[in-house]
There are 2 protein chains.
Amino acid sequence: MTDTPKPRREQILDSASRLFSERGYHATSMRDLAGELGMQGGSLYAHISSKEELLIEIVNQASRQFDEALFTLRGDPRPADAKLREAMYRHIRVVADNMDSATVFFHEWKHLSPEAYDRVTGWRDTIDAFYRELITQGVQEGYFRPELDIKMTAYLVLSAVNWAYTWYRPGGTLAPRDVAEQFADMLLLGLRPAHAAQEAQP
Amino acid sequence: MTDTPKPRREQILDSASRLFSERGYHATSMRDLAGELGMQGGSLYAHISSKEELLIEIVNQASRQFDEALFTLRGDPRPADAKLREAMYRHIRVVADNMDSATVFFHEWKHLSPEAYDRVTGWRDTIDAFYRELITQGVQEGYFRPELDIKMTAYLVLSAVNWAYTWYRPGGTLAPRDVAEQFADMLLLGLRPAHAAQEAQP
DNA sequence: CCTACCGATCGGTAGG
DNA sequence: CCTACCGATCGGTAGG
């Protein structure tokens with residue numbers, strides 16, 4: 001009695017995520033996608049309405065995951081350094097658990113139609129704002145150095161957690177937690193030994 | 001007497017860099033590209049032999065710029081922390097001065113044919129190796145903390161300098177030097193104030 | 001550098 | 001979910 005073949009639609013989205021991430025959105029044809037699922041190109045349209053619908057849904061799915069991971073941290077009472085550590089862990093975990101859709105998210109959002117494009121842009125601003133607020137709070141409370149430029153600090157943190165989509169391999173020895181702990185340690189403590197001499201000049 | 005219309009070819013490459021970076025390689029048609037230069041689609045083939053040739057040349061150009069910027073630093077006698085600072089500056093400057101081709105380089109190299117694809121992969125490994133050696137040297141000489149994981153540290157540095165292609169705006173107030181100095185300060189010294197208490201537990 | 005064109009392939013639809 | 005097909009557009013070429 002269920003008219004909507006929901007699992008099939010999810011299979012399509014999974015395959016689309018993989019193909020879009022490997023070959024790119026425009027280089028993936030609907031016939032390629034159908035072939036992966038053992039069907040003919042036209043048959044896809046019994047389950048979806050357009051190619052772009054797939055891209056929109058993949059990108060939205062990824063956005064939602066980041067949202068859920070980070071925004072539940074907003075009211076967290078921990079001190080800012082512990083909170084930053086936790087945020088980085090959650091952020092990297094979303095990337096690691098969704099390598100395909102995360103890759104599509106970072107690479108193919110430019111190909112969205114204007115409305116969806118604007119939504120993604122707005123969402124990015126929200127993530128930026130989250131990290132900037134966290135860092136601002138940390139500076140105010142003395143957990144971070146007062147000389148820090150908030151925007152640049154947020155960019156540095158975002159670089160670390162986002163760029164993971166290019167090198168992280170889910171099957172490997174490093175769990176998302178390991179990556180986050182190491183990155184957080186390096187960012188919080190710095191690469192230089194404690195009490196090291198001033199940087200020598202050339 | 002010059003049979004090779006060199007300037008025109010460079011115009012084509014510049015336009016291709018811009019269009020490929022904005023729309024992606026596959027979403028840019030040769031007619032789009034020709035239109036930007038006030039010519040007809042077929043006329044492009046008087047100057048180039050294929051669309052992929054354009055992509056290969058753009059990616060190679062970017063690779064060469066990174067190469068030249070970094071590998072002249074190999075024998076530099078400065079201590080590792082100063083060297084890392086200089087490498088980050090040069091790396092970011094290449095990104096900042098070539099936003100279009102850098103974007104194409106990071107996004108579209110997957111669409112290269114196997115030989116060119118392998119060349120880019122090999123080149124990436126070389127850049128990785130450069131940073132790993134620099135960090136290894138720095139640890140050995142005591143400029144960096146001995147607990148550091150070399151690979152992870154290199155990933156963190158590469159994240160910072162590479163991710164700049166997503167947010168840096170060449171016309172703005174931040175010069176590549178400013179970005180590099182700030183990132184290097186944060187990475188070397190850490191976000192936490194000197195002599196700060198241990199991180200509070202949740 | 002243009003006109004005119006090639007075969008191939010694209011996203012999507014009709015009708016079953 | 002398939003067969004058969006639509007108009008549009010693709011990269012590239014011939015001939016000038």
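Proteins get letters first, then strands, A, B, ... in listed order; numbering begins at 1 in each. As a basis for the values below, the full set of heavy atoms in this structure was taken, side chains included, without hydrogen atoms, waters or symmetry mates.
With rounding to whole Å, B:Lys51 atom NZ is found 9 Å from D:dC10 atom P. Separating the CD atom of A:Gln40 from the P atom of C:dT13 is a distance of 17 Å, rounded to the nearest angstrom. Atom CD in B:Glu36 sits roughly 18 Å away from atom C1' in C:dC1 (whole-Å rounding). Atom CG in A:Leu44 sits roughly 17 Å away from atom P in C:dA14 (whole-Å rounding). For the pair B:Leu19 CG and D:dC10 P, the computed distance is 13 Å after rounding to whole Å. For the pair A:Ile48 CD1 and C:dG12 P, the interatomic distance rounds to 7 Å; values are reported in whole Å.
At most 12 heavy atoms of other shown residues, nucleotides or ligands fall within 6.0 angstrom of atom NZ in B:Lys151.
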Residue pair B:His47, B:Gln11: steps toward the side chain to side chain contact (heavy atoms under 4.5 Å, CB included) verdict: CA-CA 11 Å; B:His47 304 92; B:Gln11 284 175 34; over 6 Å; no
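The stretch residues 53-62 of chain A has no heavy atom under 4.0 Å from DNA chain C, so no residue of it qualifies as close. Listed by residue number, A:Thr28, A:Ser29, A:Met30, A:Arg31 are the residues of residues 25-34 of chain A with a heavy-atom contact under 4.0 Å to DNA chain C.
With distances taken from any side-chain atom of B:Tyr45 to the nucleotides C:dT13, D:dC2, D:dG11, the minimum falls on D:dG11. Nearest to the side-chain atoms of B:Ser50 among the listed nucleotides D:dC1, D:dG12, C:dC2 stands D:dG12. Of the listed nucleotides (C:dC1, D:dG11, D:dC2), D:dC2 has the atom at the smallest distance from the side chain of A:Met39. The listed nucleotides are D:dC1, C:dC1, C:dG12; the one nearest the side chain of A:Ala46 is D:dC1.
The CZ atom of A:Arg64 sits 10.5 Å away from atom OG of A:Ser101, with the distance rounded to the nearest 0.5 Å.
At a threshold of 4.0 angstrom between heavy atoms, the contacts of B:Gly41 with the nucleic acid are absent.
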Pairing pattern in dot-bracket form [Watson-Crick, G-U; both distances under 3.5 Å; | = partner strand] for DNA chain C: ||||||||||||||||
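Using cut-offs of 30° and 60° for the angle between ring planes, the B:Tyr25 and B:Phe20 rings count as perpendicular.
Note on B:Lys83 versus B:Glu133: no salt bridge recorded, every NZ/NE/NH1/NH2 to OD/OE distance being 4.0 Å or above. Salt-bridge formation is detected for the pair B:Arg177/B:Glu86: a Lys NZ or Arg NE/NH1/NH2 atom is positioned less than 4.0 Å from an Asp or Glu carboxylate oxygen.
Contact of the A:Tyr89 side chain with the A:Arg85 side chain is not registered, since no non-hydrogen atoms from C-beta on lie closer than 4.5 Å. Side chains of B:Glu108 and B:Val59 form no contact here, defined as non-hydrogen atoms less than 4.5 Å apart. Residues B:Leu33 and B:Lys51 fail the side-chain proximity criterion, which asks for heavy atoms closer than 4.5 Å.
None of A:Asp67, A:Asp118, A:Asp128 except one satisfies the side chain to side chain donor-acceptor pair (under 3.5 Å) rule with A:Trp123; the exception is A:Asp67.
With 3.5 Å as the limit, one finds no donor-acceptor pair spanning the side chains of A:Ser63 and A:Arg119.
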